[in-house]
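Remember, it's 1-based here, ligands and their atoms both numbered in the order they're listed.
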Amino acid sequence: MTIFQCRLVDLPGSADNRGRLAFVEPPHTIPFEIRRVYYLFGIPSGKERGAHGHRDLEQLMIAVSGSFTVTLDDGKERKTFQMSRPDQGLYIRKMIWRDLKNFSEDAVCLVLASERYSEDDYFRSYEDFYREARP
Ligand code: TYD
């Protein structure tokens, strides 16, 4: 996988004088079934999250509140995305390293994931990730 296969997805939704709504409905918005939902919140100023890769997991990451940056790395190239729109999701493929930082105080990072939690799916060391991503 390469970072060029990861992309920002505009989420469908509705808007009227009562406010806005966005939704994610596989397989139209994302090509995987959602098996888990989690979210990061209450992140102290200056703290960073992520710093790992996944063997098989795919994710859609949404800044449902506030803002943060996500840097994706496929072992060769890197790209940073500024996340601040609740009507956009970042589709992250398998075998991609991610670093999340610059969280605003009100940031909530919602993640829709293709698999249930499994520590075995993680690369916690960049060296291990790099070895498999770029043999
Ligand atoms: P981790 O994936 O390292 O968080 P981040 O992506 O923000 O850096 O997870 C932090 C801790 O939470 C770790 O001990 C594993 C646990 N965890 C679960 O038990 N279930 C989950 O679905 C997730 C995402 C994490």
Exercise: identify the closest heavy-atom pair between R134 and D74: NE-O, 3.4 Å

Under the ring-ring contact (aromatic ring centres under 6.0 Å, His included) test, residues paired with Y122 that sit two or more places apart: H52, H54, Y117

Residues two or more places apart in sequence or in another chain: which of them pass salt bridge (Lys or Arg N to Asp or Glu O under 4.0 Å) with D16? R18

Over 60° means perpendicular and under 30° means parallel, so tell me whether F123 and F129 are parallel, tilted or perpendicular. perpendicular

Protein neighbours of ligand 1 with a heavy atom under 4.0 Å, given by chain and number, are R36, Y38, L40, R49, G50, H52, Y117, Y122, R124

Is it the case that more than 12 heavy atoms not belonging to R7 sit under 6.0 Å from its CZ atom? no

Considering residues at least two apart in sequence or located in another chain, which fulfil the side-chain contact (heavy atoms from CB on, under 4.5 Å) criterion with S114? F32, L57, E58

